[in-house]
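Okay, so here's the structure we're looking at.
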Amino acid sequence: QGQLVESGGGLVQAGGSLRLSCTASGHTFRTYTVGWFRQGPGNEREFVATITWNGGRTYYADSVTGRFTISRDDAKNEVYLQMNSLKPEDTAVYYCARHQLVYTSGAGSYDREYNYWGQGTQVTVSS
C-alpha cells in the first residue's frame, strides 16, 4: 500500500522559516501535479500551493504568495514547501496530496481533485 509522508513541521516564531517535505513510497510523483493544503484550528482544509507534473507551473494561495515556495525532485519522489516569513495565521496541519489525473496543468486548488493524501504535519507559529 503506497503512502505519502509529510515531515518538517514544528514550532517556530513569527517571521521564521520551515521547510516541509512530502515523500511518496509505493506511489510516484512523476506525471502528477502535487499539492499542499492546510487545515487550521476550526477551519476547513484550504489550498496552499501546487506544482504541475513537470514543475513548469506553480500556483499559490493569495495568503502565502511571496512567502512560500513549492518545488519537486522526482528522482527522490519528493515535493517540498519552503515557508518563510511565517505568521501565526499559518498555524495548521499541512497535508500533501497527489492529483488523481496525470499531466494536468491547472491550478489543482480543490481538494476533491486529489486521491492520495498524507497524514499531515503540524506547523505552529507563535507570535
Side-chain angles (χ1 to χ4, degrees):
Q1 188 77 14
Q3 61 178 350
L4 305 182
V5 178
E6 302 92 341
S7 61
L11 174 64
V12 64
Q13 289 188 332
S17 298
L18 285 174
R19 187 190 191 217
L20 305 184
S21 298
C22 175
T23 303
S25 61
H27 294 302
T28 180
F29 282 148
R30 291 183 191 273
T31 74
Y32 291 94
T33 286
V34 179
W36 286 96
F37 292 77
R38 67 186 182 186
Q39 186 167 16
N43 296 331
E44 295 185 352
R45 188 163 57 191
E46 64 177 3
F47 162 73
V48 175
T50 52
I51 185 166
T52 54
W53 65 275
N54 61 353
R57 295 184 183 181
T58 56
Y59 300 90
Y60 298 93
D62 289 344
S63 59
V64 306
T65 297
R67 301 188 297 121
F68 291 11
T69 304
I70 188 171
S71 60
R72 63 190 295 156
D73 185 340
D74 286 347
K76 296 182 178 179
N77 231 8
E78 293 184 340
V79 173
Y80 311 101
L81 186 68
Q82 177 66 43
M83 306 186 297
N84 298 329
S85 302
L86 283 161
K87 304 175 181 180
E89 51 263 45
D90 294 319
T91 294
V93 178
Y94 283 72
Y95 300 90
C96 67
R98 195 190 79 173
H99 203 279
Q100 59 186 311
L101 302 176
V102 295
Y103 300 125
T104 57
S105 59
S109 59
Y110 296 99
D111 58 6
R112 63 177 179 267
E113 300 178 64
Y114 297 81
N115 57 351
Y116 288 109
W117 292 82
Q119 293 300 305
T121 185
Q122 176 70 47
V123 171
T124 302
V125 185
S126 63
S127 57

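Everything numeric here is computed off the predicted structure, so don't read it as measured data.
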- Item | Side chains of T52 and S105, donor plus acceptor under 3.5 Å | no
- Under 4.5 Å between any side-chain heavy atoms of L81 and V48, yes or no? yes
- Could you walk me through whether V123 and L18 pass side chain to side chain contact (heavy atoms under 4.5 Å, CB included), step by step? CA-CA 9 Å; V123 171; L18 285 174; 3.9 Å; yes
- Assign the ring pair F68 / Y94 to parallel, tilted or perpendicular, where the plane angle (0 to 90°) is split at 30° and 60°. tilted
- Query: So, T91 side chain and V125 main chain: donor-acceptor pair closer than 3.5 Å or not?
  - Reply: yes
- Message: Same cluster or not: W117 versus F47, using hydrophobic residues (I, L, V, M, F, W, Y) connected whenever any side-chain heavy atoms lie under 4.5 Å apart?
- Response: yes
- Query: If you group Ile, Leu, Val, Met, Phe, Trp and Tyr by side-chain heavy-atom gaps below 4.5 Å, do I70 and L4 land in one group?
  - Reply: yes
- Task: Drop me the distance from R19's CZ to N84's CG, to the nearest 0.5 angstrom.
- Result: 11.5 Å
- Message: Does the plane of the ring in Y103 sit parallel, tilted or perpendicular to the ring in W53? Use 30° and 60° as the thresholds.
- Response: perpendicular
- Is there side-chain contact between S17 and R67, with heavy atoms separated by less than 4.5 Å? no
- Message: Does this structure show an ion pair linking R72 with E78, if we count only N-O contacts that are shorter than 4.0 Å?
- Response: no
- Flag this pair as yes if the NZ/CZ of R98 is under 6.0 angstrom from the six-membered ring centre of Y116 and inside a 45 degree cone about the axis; otherwise no. no
- Query: Would Y80 and Q82 count as a side-chain hydrogen bond (donor to acceptor under 3.5 Å, both in side chains) if you check the C-alpha gap in whole Å, the side-chain angles of each, and the deciding distance to 0.1 Å?
  - Reply: CA-CA 6 Å; Y80 311 101; Q82 177 66 43; over 6 Å; no
- Evaluate the side-chain proximity of R57 to I51: yes if any heavy-atom separation is below 4.5 Å, no if none is. no
- So, is the end of the R45 side chain (NZ or CZ) under 6.0 Å from the ring centre of Y95 and within 45° of the ring's axis? yes
- Query: Between atom OG1 of T121 and atom CZ of R38, what is the distance when rounded to the nearest 0.5 Å?
  - Reply: 14.0 Å
- Atom CD in Q13, atom OG in S127: separation rounded to 0.5 Å? 9.5 Å
- Correct closest heavy-atom pair for V93 and Q122 would be CG2-OE1, 3.2 Å
- Message: Using side-chain heavy atoms (C-beta onward) and a distance below 4.5 Å, is T28 in contact with N77?
- Response: yes
- Task: Please name the pair of heavy atoms, one in A14 and one in P88, separated by the smallest distance, quoted to 0.1 Å.
- Result: CB-CD, 4.1 Å
- Shortest non-hydrogen pair, A75 vs R30, comes out as CA-NH2, 3.9 Å
- Query: Taking the six-membered ring where the residue is Trp, are the ring centres of F37 and Y114 under 6.0 Å apart?
  - Reply: yes
- Query: Taking S85 for the side chain and G15 for the main chain, is one N or O donor matched with an acceptor at less than 3.5 Å?
  - Reply: no
- Search all heavy atoms of Y60 against all heavy atoms of A49 and return the closest pair with its distance. CD2-CB, 3.6 Å
- Heavy atoms only: give me the nearest Q119-E6 pair and the separation to one decimal. N-OE1, 3.1 Å
- Message: Please check: side-chain N/O of E89 versus main-chain N/O of S63, any donor-acceptor pairing under 3.5 Å?
- Response: no
- Taking the side chain as C-beta and beyond, is there a heavy-atom pair between F29 and V79 under 4.5 Å? yes
